[in-house]
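Keep in mind that the numbers below use all heavy atoms, side chains included, and drop hydrogens, waters and symmetry copies. Each residue takes its place number in the sequence, starting with 1.
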Amino acid sequence: MAPRRMETKPVITCLKTLLLIYSFIFWVTGLVLLSVGLWGKLMLGPYMSLIAGSSTDAPYVLTGTGAAIVLFGLFGCFATCRGRPWMLKLYTMFLSLVFLAELIAGISGFIFRHEIKGTFLRTYSDAVLRYDGRDERSLAVDDVQRRLHCCGVYNYTSWFTSWHFPVNGIPASCCVSFSDCNGRDLRNATVAPSKVHQQGCYDLVTSFIETNMGIIAGVTFGIAFSQLIGMWLACCLSRLITANHYEMV
């Protein structure tokens with residue numbers, strides 16, 4: 001029995017090293033998700049309201065998931081160092097829960113991408129209709145139009161039916177050149193089209209979503225299936241320690 005135990009010691013040490021490295025990477029992933037969630041809540045609030053129609057829980061979900069992964073990663077490092085089979089089994093359970101959550105999130109995002117586009121069309125159309133140039137959604141519309149060099153939902157004519165147009169015309173954020181764009185021109189339905197961008201924002205945003213949703217889903221699935229490596233390492237280490245009655249002192 002002693003020689004057999006001595007033979008398995010290097011294997012257990014190797015598995016512990018690999019699991020520690022994996023747990024550290026897992027912990028870093030949690031920090032990234034936590035940071036993205038906080039950044040999304042602080043910096044992307046207006047854009048989230050345009051996509052979701054109302055206050056969205058996406059930043060909170062990312063923050064909560066990131067915090068949980070940080071805690072699980074720390075627990076995984078501790079469980080690996082202690083070499084307790086029950087801790088390793090608990091860590092495996094944690095990893096399986098994260099795997100299922102990420103798998104469901106990736107599948108849902110890919111399946112419901114068309115619903116996301118429909119929601120964006122409704123919310124962006126409503127934001128254009130009710131635009132006043134001051135509230136959060138109006139400022140988000142301005143920023144989208146400036147950044148993407150677009151105007152209105154499908155084109156600049158979306159603004160002709162807005163509450164803003166009769167008094168203030170098309171917003172200045174639609175202008176091709178701010179130096180050649182004034183309030184009088186923007187209130188004139190005949191002159192304004194020559195001063196503003198012709199392409200609507202909806203097509204640009206949805207094209208971006210369609211192009212990148214596959215990449216986002218692929219990355220999500222890749223991260224999710226990486227949990228299988230951690231689960232396999234933790235299970236193997238737990239079985240070896242149990243079979244050989246090996247514990248770190």
Side-chain angles (χ1 to χ4, degrees), residues 36-37 39-63 65 102 104-176 178 181 186-221:
V36 170
W39 175 76
K41 182 58 184 173
L42 295 174
M43 303 299 294
L44 300 181
Y47 304 101
M48 293 293 184
S49 67
L50 286 178
I51 294 173
S54 58
S55 179
T56 177
D57 293 330
Y60 296 108
V61 171
L62 284 174
T63 303
T65 303
E102 291 175 343
I104 292 170
I107 293 173
S108 299
F110 189 75
I111 291 175
F112 294 110
R113 65 189 185 281
H114 298 298
E115 185 176 326
I116 294 172
K117 290 165 61 177
T119 301
F120 176 72
L121 175 60
R122 291 192 301 272
T123 55
Y124 197 78
S125 298
D126 185 66
V128 168
L129 177 65
R130 301 172 185 274
Y131 177 91
D132 63 8
R134 295 185 301 272
D135 67 12
E136 188 178 67
R137 289 209 302 173
S138 297
L139 295 176
V141 168
D142 282 335
D143 199 48
V144 168
Q145 292 187 149
R146 276 192 295 266
R147 287 176 180 272
L148 300 183
H149 305 294
C150 57
C151 187
V153 182
Y154 292 109
N155 52 50
Y156 63 87
T157 59
S158 305
W159 288 105
F160 293 165
T161 56
S162 69
W163 299 354
H164 187 264
F165 185 79
V167 178
N168 300 295
I170 297 176
S173 57
C174 278
C175 293
V176 175
F178 290 104
C181 212
L186 293 174
R187 287 192 295 271
N188 189 320
T190 304
V191 177
S194 64
K195 304 289 185 178
V196 300
H197 295 290
Q198 301 297 304
Q199 188 169 9
C201 297
Y202 173 74
D203 288 336
L204 287 175
V205 173
T206 54
S207 175
F208 175 83
I209 292 174
E210 194 69 36
T211 302
N212 292 278
M213 187 57 74
I215 298 174
I216 294 170
V219 171
T220 303
F221 290 142

task = Return yes when the gap between the SG atoms of Cys150 and Cys201 is under 2.5 Å; return no otherwise.
result = yes
Paired with Phe165, the ring pair (Phe, Tyr, Trp, His ring centres under 6.0 Å) test is passed by just one of Trp159, Tyr156, Phe160, namely Phe160
Side-chain donor/acceptor of [X] to backbone N/O of [Y], under 3.5 Å:
X	Y	answer
Gln198	Cys151	no
Ser194	Val191	yes
Ser138	Asp132	yes
Ser158	Gly152	no

Beyond-backbone contact of [X] with [Y], side-chain heavy atoms, under 4.5 angstrom:
X	Y	answer
Val196	Leu186	yes
Val176	Cys181	no
Asp126	Arg137	yes
Asp142	Gln145	yes
Val205	Tyr124	no

If you round to the nearest 0.5 Å, how far is [atom2] of [Y] from [atom1] of [X]?
X	Y	atom1	atom2	answer
Ser173	Leu148	OG	CG	11.0 Å
Tyr154	Tyr202	OH	OH	5.5 Å
Cys174	Arg146	SG	CZ	10.0 Å
Gln199	Asn155	CD	CG	10.0 Å
Lys195	Asn188	NZ	CG	10.5 Å

Result for side chain to side chain contact (heavy atoms under 4.5 Å, CB included) between Ser125 and one of Leu121, Thr123, Val128, Leu129 points to Leu121
Classify the ring geometry between His164 and Tyr131 as parallel (under 30°), tilted (30 to 60°) or perpendicular (over 60°).
perpendicular
